[in-house]
Structure formats: C-alpha cells, structure tokens
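Working notes, beginning with the structure itself.
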Amino acid sequence: MYDFKFDFVIVGAGSAGCVLANRLSENPSHRVLILEAGKRDSNWLIHIPMGVAKIWNQDRFNWSYHSEPEPHMENRKLYHPRGKVLGGSSAINMMAYVRGNSGDYDRWAQMGLTDWSYERVLPYFRKAEAFIKGADDFHGEDGPLKTQPNPSTDPLMEAYFEAGKAAGLSVTDDFNGAEQEGLARMQFNIGDGRRQSAAVAFLHPVLNRPNLTLVTEAHVNRIDFDGTKATGITYSQSGRSFTATAAREVILASGAFNSPQLLMRSGVGPVAHLREAGIRVVADRESVGGNLQDHPSVAIEFKRKRRSDFHRELRLDRLSFNMLRALFKKDGPATMPLGFGTGFVKSAPEIALPDIQLFFRLFSVQAHEWFPLIKPAGMDGLGFLACHLRPESRGIVRLDPENPNGPPRILNNLLSTDYDRRAMRFSFKLMRTLAGAGSFDRDIGEETLPGPDVKGDDEIDAFIRQSAVTVYHPVGTCRMGIDEASVVDPDLRVRGCQNLRVVDASVMPDIVGGNLNAPVMMIADKASDIILGRDQLSAAALQAGP
C-alpha cells in the first residue's frame with residue numbers, strides 16, 4: 001500500500017474534473033491530485049474532428065455501458081457510451097457546444113437553488129469561452145475553450161432553414177444567446193482544426209504546475225472515511241494499491257453513472273440496497289442513484305438524389321489524404337464537424353420552453369469509408385434526429401449486488417409517460433414534414449428509415465419503441481437541492497458526510513434543454529469558486545432574454 005497526501009483529490013478527469021484541476025491548482029499552495037481510469041488522450045484521432053468517429057465506441061476509450069432491459073422500449077438494452085480517457089466524454093463526443101435554455105437555470109432557482117439562476121451561471125459560461133466571433137453579452141473571447149458556429153457553406157443548410165420556415169418555425173442566429181428557439185447552425189468546441197475537449201482546453205495547459213498531479217489508468221476502489229468524514233480514496237494501478245489522503249476535500253467528478261456508483265460502493269446510499277450488496281453503511285442517503293434522466297431520441301433517414309461531397313470524401317485515398325492534411329496542416333474536410341444543423345422547438349404551443357431538439361446531418365449512419373472494387377460504399381444519404389429535452393420519465397442507477405465492483409446497473413425507464421410518448425411522436429412527424437419541404441426537392445429521395453409504410457400513430461409509436469436511443473446525456477443521480485432528501489446541497493456537498501462533494505452532471509436537479517458538455521464545465525468552474533470560498537462572478541448585463 002502506497003500513501004500520498006494532497007489537499008484536494010479529484011476522481012475523474014472528464015469535463016468537470018479537468019476544469020476543477022485547472023482552477024483548484026491556480027494557488028500553488030494547494031496540492032491537487034486528479035485521477036482518471038482511462039489512458040492519456042495521446043491517440044491523434046481523438047483530436048481530429050472527423051477522426052473521433054473511428055474510435056469513439058472502442059472499449060479502450062469508452063466504458064461502453066448498457067442499460068437493463070427497458071420496459072417501455074421492447075425490453076431493449078440501451079447503449080450508454082461514457083468516455084474512459086483523459087477528457088472523459090468530452091474527448092469522444094460530437095463537440096456540440098450547447099448551454100441549454102436560460103429558463104432551465106431559472107427553474108433551478110425557483111427550486112430554491114438561487115445561486116444557480118441563469119443570471120448567476122452566465123458569467124461562468126462567458127469566462128470559459130473563446131468564441132470565434134468575439135465577446136458580447138452572452139459570449140466570451142478570452143477563455144480557454146475555443147468555440148465556433150458550423151462554418152459550412154453547403155447549400156443544404158439554407159434548404160434546412162427554408163424547410164423550417166415553411167413549417168412555421170423560426171430561425172435563430174445564436175441559440176446560446178438571447179433566443180434559443182428556432183433552427184440554427186450547430187455550435188462546436190473546435191478551434192484551429194482541433195477538437196477542444198476539456199483536457200485540451202483546461203488540463204493540458206497546466207500539467208506543468210508542480211502542485212498538480214495527474215494519475216491515469218487509476219481505478220478508484222472506494223472513498224475512505226473516518227466516521228462520516230471523507231479522508232481520501234483508495235485506488236489501484238498496475239496491480240498495486242494506493243491511498244491518497246485529502247486534507248481538505250474529496251471531489252467526485254465521474255459522471256451520472258460512476259459518481260453514484262462510487263458513493264454506494266463506499267457506503268453512501270440507500271441502506272437497504274447497500275446491505276443487499278454486503279456494503280458497510282457510512283451514510284443512509286436514499287436518493288443516491290435515483291432521479292436518472294436522459295434525452296431519448298429517434299432518427300429518420302433518406303437516400304440522396306445527388307451524390308454528396310461527404311460521401312465522395314469517404315473514398316479511402318481521399319480520406320487518408322484529408323486525415324493527414326488535418327493532422328499536419330490543421331485544415332481540410334477532416335477538420336470540419338460531423339454535426340451540421342440543430343434546432344429547438346416546442347411540441348405544443350402551451351409549453352413554456354422548447355422541449356424538442358433537432359439535429360440535421362449530411363450523412364447516413366450507414367456511411368463508411370469505401371474504395372472501388374475493394375470495399376463497397378455505404379448509403380449516400382442524409383438524416384434527421386430529434387430528442388426530447390425535458391422528459392418526465394425517471395430512472396435509477398444501482399450496484400449489481402452480486403458484483404458491486406462491476407458495471408453499474410442502469411434503468412432509464414424512458415417513454416413511461418403519455419407526455420413523453422406524445423413529444424416523441426410529434427418530433428417524428430416534424431422531421432418528416434421538414435424532409436418533405438420543397439427546398440429539399442433536389443436532394444432528398446426515398447425514405448429508408450423507417451420507410452414510408454410507417455404511417456399511423458400506432459405504427460410510429462411502435463417504431464419509436466423499437467428504435468429510440470438516448471443521445472447520451474445522463475444527469476440527476478446525485479441531485480442538488482435545498483431539501484434534506486437531496487444528495488448534495490446547493491454548494492455540492494454530500495449531505496450526511498464531511499469533506500466530500502460531487503461536481504458533475506449527476507448534481508443537476510433536472511435535465512437542461514440541450515447537450516451537456518458546456519453546462520458540466522460551467523458547473524465545475526462555478527464549483528471551484530464555491531470550494532475555495534472565492535466571490536462568485538457577478539451577473540452580466542443581459543439583453544432581452546428568451
């Protein structure tokens with residue numbers, strides 16, 4: 001057993017952990033340890049926007065979790081990729097930079113979390129960002145995270161906008177600005193031809209600090225306690241066991257699956273469940289692992305009438321050249337984001353905030369590299385995907401009582417309410433409406449997924465049950481709140497314990513309306529000021545909000 005002493009021990013070097021490590025180690029007197037179960041992000045494909053498509057679902061970079069059979073989705077086991085590499089899921093995601101709706105954070109404030117209102121979190125979004133268009137009331141330009149709208153000049157972007165207008169939808173120039181609702185170009189954390197993971201933006205630039213220690217391939221076994229006070233963690237690496245003590249705090253930043261898993265494995269969780277798994281109870285916290293939320297999604301695809309540039313560039317000789325061009329010159333097609341258009345719409349006029357997010361992509365999921373006479377090409381197509389942003393369904397994360405150290409047991413319980421099913425049905429019909437607009441006449445051909453035979457509501461609902469997945473946005477399993485039943489308090493301290501916090505997507509009381517990478521980095525940036533007792537950033541002057 002090897003013992004090391006630190007002030008702060010951070011478990012997880014993903015989106016939250018990298019930000020925390022950067023901010024907490026700014027003071028050279030703070031000894032900071034950050035642990036990552038995966039390896040370093042040294043594979044060059046991780047850093048090329050198109051390259052990540054080749055590796056994102058490989059087990060060496062991905063926990064590759066699966067849910068339990070989902071009772072409202074034909075008992076299918078849903079795939080849940082989670083990053084297992086420096087940068088966590090931000091190193092293998094599609095780089096979408098989406099903050100959610102301002103109303104999401106004001107809703108948190110109405111729950112009593114007044115320091116988490118939009119007015120109080122916006123300064124942290126701005127602080128982190130280096131927006132390619134420069135600073136304004138909503139964007140920053142001096143932060144470590146480079147962001148930009150999709151720079152594509154493809155005419156299909158305008159066809160997408162025209163289709164939306166024909167369907168009565170608006171178009172917004174900046175869904176991260178004054179108005180989220182409407183169709184828009186997706187924004188991405190990409191800069192200078194490179195992916196901007198949390199590790200690239202926040203961790204790599206400070207790894208030379210003598211007071212910051214990074215340990216990779218470190219599997220945390222448990223949080224160590226003296227009574228209910230967290231004193232450190234025990235982890236294993238290369239077959240050896242190590243103890244790292246934390247003079248000030250242990251901070252879990254392992255995400256909505258692994259943070260509650262580690263709490264329960266360490267004796268913090270529902271007492272009956274812990275005893276079933278043979279774990280000594282440190283603190284009976286019934287809500288640990290509950291309140292799981294995610295964004296369910298459904299896709300629809302079409303053949304193209306005209307050959308696409310994307311499909312042409314997948315020919316192996318061109319693809320190889322473009323990848324080398326991206327690696328050495330930082331330009332060319334391989335540096336472009338795989339995403340294209342997005343949009344935020346309401347499934348019913350009486351709903352206060354947009355509850356559907358649309359994604360428009362220029363390729364089929366069947367697309368792959370090809371070469372004449374050697375490897376046939378996949379379908380040259382394009383697709384739409386829609387996800388439900390604020391589902392009512394709630395799931396749960398638990399240990400496997402037979403193997404507490406194994407993968408967590410995940411039950412999403414998606415599509416369990418009438419509202420959730422109606423919203424998904426609406427999104428499916430909306431995608432068909434957009435695809436049928438006149439602006440797409442020259443490009444969109446035969447529907448291949450699910451196909452034109454799926455027409456009535458019953459058939460649509462059946463297709464959704466059989467094909468829907470999540471867009472990999474799990475939150476809520478260590479819920480923040482002012483009530484005693486919450487897992488963490490508004491300062492993210494674990495209730496019933498001392499010197500222990502959770503800082504990641506699991507603390508969200510409910511899910512925000514959009515992709516999660518940007519909100520998680522914001523939470524960590526704000527948490528660092530809370531942890532260090534610093535004054536939190538003051539509210540920015542806002543233009544008229546959404």
Side-chain angles (χ1 to χ4, degrees), residues 6-10 15-32 34 99-100 102 104-131 135-145 147 176-177 198 201-203 205-206 209 211-212 230 246-253 478 480-482 486 488-495 497-505 507-509 512 518-543 545:
F6 298 90
D7 294 298
F8 299 102
V9 174
I10 303 166
S15 298
C18 289
V19 176
L20 287 165
N22 179 304
R23 303 307 194 199
L24 297 181
S25 65
E26 286 174 341
N27 186 331
S29 68
H30 295 154
R31 299 162 299 165
V32 179
I34 181 168
R99 299 173 177 177
S102 62
D104 293 316
Y105 304 102
D106 289 339
R107 186 175 64 252
W108 292 4
Q110 291 165 8
M111 298 176 184
L113 302 167
T114 53
D115 276 343
W116 295 91
S117 68
Y118 183 63
E119 186 179 61
R120 302 303 301 272
V121 303
L122 177 59
Y124 288 94
F125 283 121
R126 297 180 72 245
K127 174 186 177 183
E129 190 182 19
F131 190 46
D136 59 25
D137 284 347
F138 297 92
H139 292 277
E141 62 182 356
D142 299 322
L145 185 73
T147 65
N176 286 319
F202 289 93
L203 190 59
V206 301
R209 289 176 180 169
N211 61 321
L212 175 60
R248 293 184 62 169
E249 291 192 10
V250 173
I251 305 169
L252 305 190
C478 296
M480 169 174 52
I482 61 172
S486 61
V488 299
D489 68 13
D491 290 336
L492 309 184
R493 296 172 295 203
V494 176
R495 294 186 183 275
C497 299
Q498 299 80 49
N499 293 8
L500 179 62
R501 290 187 211 243
V502 181
V503 181
D504 56 34
V507 306
M508 292 185 180
V512 298
V520 169
M521 289 187 285
M522 175 278 293
I523 288 171
D525 220 348
K526 186 174 172 67
S528 67
D529 281 347
I530 295 171
I531 291 166
L532 296 175
R534 297 191 295 219
D535 290 338
Q536 295 185 48
L537 297 180
S538 60
L542 301 183
Q543 297 172 348

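- Aromatic ring orientation, Tyr105 versus Phe125: perpendicular (interplanar angle above 60°, classes split at 30° and 60°).
- No side-chain heavy atom of Asn22 sits under 4.5 Å from any side-chain heavy atom of Leu203.
- Arg501 is not listed as a side-chain neighbour of Leu252, based on a closest heavy-atom distance of 4.5 Å or more.
- For Gln536, the side-chain hydrogen bond (donor to acceptor under 3.5 Å, both in side chains) test picks out Lys526, with sequence neighbours left out.
- When side chains are defined from C-beta on, Val32 does not count as touching Phe6, because their heavy atoms never get closer than 4.5 Å.
- Between Phe8 and His30, the ring planes are perpendicular. Angles over 60° get that label, and only those under 30° would be called parallel.
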Kindly determine whether Met508 and Ile523 satisfy side-chain contact (heavy atoms from CB on, under 4.5 Å), including the steps that lead there.
CA-CA 9 Å; Met508 292 185 180; Ile523 288 171; 4.0 Å; yes
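- Partners of Arg495 under the side chain to side chain contact (heavy atoms under 4.5 Å, CB included) rule, at least two apart in sequence or in another chain, are Arg285, Glu484, Ser486, Asp489, Pro490.
- With sequence neighbours excluded, the residues satisfying salt bridge (charged side-chain N to carboxylate O under 4.0 Å, His left out) with Asp529 are Arg534.
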Salt bridge (Lys or Arg N to Asp or Glu O under 4.0 Å) between Arg248 and Asp7, worked out:
CA-CA 5 Å; Arg248 293 184 62 169; Asp7 294 298; 5.8 Å; no
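- For Arg99, the side-chain hydrogen bond (donor to acceptor under 3.5 Å, both in side chains) partners two or more places apart in sequence, or in a different chain, are Tyr97, Glu129.
- Scanning both residues, Ser538 and Pro123, for their nearest heavy atoms gives O-CG, 2.9 Å.
- Two residues are said to be in side-chain contact when any heavy atoms from C-beta on lie closer than 4.5 Å; Glu26 and Arg209 meet this criterion.
- Scanning for side chain to side chain contact (heavy atoms under 4.5 Å, CB included) contacts around Ala109 gives Ser117, with sequence neighbours left out.
- Residues passing the side-chain hydrogen bond (donor to acceptor under 3.5 Å, both in side chains) test with Asp525 are Arg23, sequence neighbours excluded.
- Between Leu492 and Val502, the closest side-chain pair of non-hydrogen atoms is not below 4.5 Å.
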